[in-house]
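These notes are about the structure you will find just below.
Computed from heavy atoms alone, side chains included, the values below leave out hydrogens, waters and symmetry copies. This is a predicted model, so every value here is computed, not measured.
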Amino acid sequence: MKILLVGGGGREHALAWALHRHGHTLTFTDNNPAFAELGTVRTGDPLALAAAVNLVVIGPEAPLAAGLVNRLHTAGIPAFGPTAAAARLESSKIFGKRFCARQGLPAPGFTVVEAGENYTATEAGVVKLDGLAAGKGVWVCNSPEETTAAVRTAQQLRPDAAVLIEEKLTGRELSLLAISDGERIVCLPGARDHKRRYDGDRGPNTGGMGAVAPVPVPELAACELLMQRAVAGMAAEGNPFRGVLYGGFMLSPRGPELLEFNVRFGDPECQPLMMLWDEDPAPWFLGAATGKLPPGKPKIHDGAACCVVVCGEGYPESPAHAPILALPQDRDDAVCFQAGTKRIDGQLWATGGRVLGLTARGATPEEARRRAYAMTEELRFEGASWRLDIGT
Ligand code: GLY
């Protein structure tokens, strides 16, 4: 199949790796040094490049929210991802919360502070910017004062937007991703992201410092049912969801509750999930895009996979740039996915953010974890840093 892949981060490197090993011809709209070995980079308007392909796979949320899938549909080109209306599940956190309320899906209680409203919190909450914020628009607050201050900060950042305050729940989180054709879903193994910068879940929130899958939790079946109800709800409201729906769950003492939806693969959850996906993903992506998933479920490896994110010194506040002198050797089941890298005059550089995702598979979670961490021994760049407790 000829496939156009939109996006150039670690998630898209993992998608490209999985598609390339099944013989698909890939064109990329964004640059990532790793893409040179996997296909052809032709940065430009995805709509123009898409005319020559059988399927467009869209990695990041921004083009989905901006209606790229709508435009591709109008041009008669199959695209894996939701329309702008369905992407509101992520592009407006307030839409997502109100959707859960309309559909009776369990979710933390919430308050909406309108633009310009003077608000004083009476309890600790989780404050969220309403629009897309590249993983940076969330403040987990420990007191009413912190919550009030976070609302002010959010209002200063986006004076014209409403702010969401969510009830703070306790429990473990689970990322459950489902491929949907608008009606039927297939759920991928439950995954867990580690969002805080430092070991022991300390420090600032990041896009994610590592992920593991599967995560065996007793609530899995209940979460899968909620994902099915979410997709049915979107169809009933006239916005069928086609693509990959990411349910961010809190496994709270009250039961699983939906903290948020994302409308694309998680990053870094995608990296271990692609490594566990044991067959060609393209028919599933095409089936979702065209409204008819293949029968059955995708073949998933029965081991486990772990992704350890490597970032540069100073991440997330002010990540330093540094030349990368050595990368781990890729193997069939251990791959160094590139995210924040650039090739400058022949030299590979770490250029900020999350730089690499060292991802390995193993027969057990312990083996996957050990193999992912073993890759750090082959890595050489100054200031490289990672958490030591991914998957524990
Ligand atoms: N890993 C969290 C996200 O992709 O939003």
Side-chain angles (χ1 to χ4, degrees), residues 11 14 18 89-90 96 99-100 103-108 169-181 183-195 201 208 210-235 241 243-279 281 284 287-288 293-307 359 361-369 372 389-392:
R11 165 185 47 213
L89 281 178
E90 178 170 359
F99 169 76
C100 286
Q103 296 298 326
L105 297 168
L169 294 188
T170 54
R172 302 294 314 264
E173 290 189 34
L174 179 78
S175 309
L176 185 60
L177 282 73
I179 311 288
S180 167
D181 63 11
E183 196 175 317
R184 193 165 86 79
I185 65 167
V186 289
C187 286
L188 302 179
R192 181 162 288 142
D193 181 13
H194 296 66
K195 289 204 175 72
D201 288 334
V212 286
V215 179
V217 293
E219 296 93 338
L220 191 63
C223 294
E224 289 184 356
L225 195 63
L226 293 174
M227 294 299 283
Q228 181 66 69
R229 281 178 52 197
V231 165
M234 287 299 281
F241 188 97
V244 56
L245 183 62
Y246 168 140
F249 286 93
M250 180 65 89
L251 308 177
S252 83
R254 303 193 297 225
E257 303 209 10
L258 275 155
L259 292 182
E260 64 178 7
F261 289 110
N262 293 316
V263 298
R264 35 79 194 173
F265 279 104
D267 189 346
E269 289 95 329
C270 185
Q271 289 83 323
L273 289 174
M274 284 303 118
M275 194 143 282
L276 290 174
W277 197 307
D278 229 3
E279 62 171 319
W284 294 91
L293 283 175
K297 296 193 84 175
K299 198 162 162 255
I300 300 291
H301 194 275
D302 60 9
C306 175
C307 170
T359 309
R361 203 171 62 200
T364 61
E366 293 72 31
E367 191 188 24
R369 190 179 125 70
D389 61 348
I390 303 302
T392 55

Query raised in the report: With no hydrogens and no angle check, is any side-chain donor or acceptor of Arg192 less than 3.5 Å from a backbone partner on Gly391?
Result: no
Worksheet item: So, does Arg361 use its side chain to make a donor-acceptor pair with the main chain of Pro272 at under 3.5 Å?
Response: no
Passes side-chain contact (heavy atoms from CB on, under 4.5 Å), Leu245 versus Ile185? Steps please. CA-CA 9 Å; Leu245 183 62; Ile185 65 167; over 6 Å; no
Rounding to 0.5 Å, atoms CG (Asp267) and SG (Cys307) come to a distance of 8.0 Å
Quick one: does any side-chain atom of Asp181 pair with a main-chain N or O of Leu293 as donor and acceptor, under 3.5 Å?
yes
For Ser175 and Asn262: C-alpha separation, side-chain torsions, deciding distance, then whether side-chain contact (heavy atoms from CB on, under 4.5 Å) applies.
CA-CA 10 Å; Ser175 309; Asn262 293 316; over 6 Å; no
Trace of the side-chain contact (heavy atoms from CB on, under 4.5 Å) decision for Phe265 with Met274 | CA-CA 10 Å; Phe265 279 104; Met274 284 303 118; 3.7 Å; yes
Practice problem: Would you check if Leu176 and Leu220 make a side-chain contact, meaning some heavy-atom pair closer than 4.5 Å? | Solution: yes
When rounded to the nearest 0.5 Å, the distance separating NE2 of His301 from NZ of Lys299 is 8.5 Å
Let me see the working for Glu257 and Leu169 under side-chain contact (heavy atoms from CB on, under 4.5 Å), right down to the final yes or no. CA-CA 9 Å; Glu257 303 209 10; Leu169 294 188; 3.6 Å; yes
query: Any side-chain heavy atom of Leu177 within less than 4.5 Å of one from Leu273?
result: yes
Residues Gly247 and Leu258: closest non-hydrogen pair is CA-CD2, 4.1 Å
Heavy-atom check, side chain of Met234 versus side chain of Leu89, under 4.5 Å: yes
- prompt: Is a donor on one side and an acceptor on the other found under 3.5 Å between the side chain of Arg11 and the backbone of Cys270?
  reply: no
In short, Ala178 meets Met227 closest at the heavy-atom pair CB-CE, 4.0 Å
Heavy atoms of Phe261 and Cys100 approach each other most closely as CE1-SG, 3.7 Å
Checklist entry - Any side-chain heavy atom of Ile300 within less than 4.5 Å of one from Asp278? => result no
So OG1 of Thr359 and CE of Met275: to nearest 0.5 Å the spacing works out to 6.0 Å
Closest non-hydrogen atoms of Ile390 and Cys306, given as atom of the first, atom of the second and distance, are CG2-SG, 4.0 Å
The reported gap from CD in Gln271 to CG in Leu276 (rounded to nearest 0.5 angstrom) is 12.0 Å
CG of Leu251 to OG1 of Thr170, rounded to nearest 0.5 Å, is 11.0 Å
| message | Could you check whether any side-chain N or O of Glu260 sits under 3.5 Å from a backbone N or O of Gly248, counting only pairs where one atom can act as donor and the other as acceptor? | response | no
Residues Ala368 and Ala304: closest non-hydrogen pair is CB-O, 3.4 Å
Q.
For Glu183, is the CD atom crowded, meaning more than 12 foreign heavy atoms sit under 6.0 Å from it?
A. no
- Query: Counting N and O atoms only, with roles assigned by atom type, does the side chain of Arg369 sit under 3.5 Å from a partner on the main chain of Val212, one being a donor and the other an acceptor?
  - Reply: no
All heavy atoms of Pro298 vs all of Trp284, minimum pair found to be N-CZ2, 3.3 Å
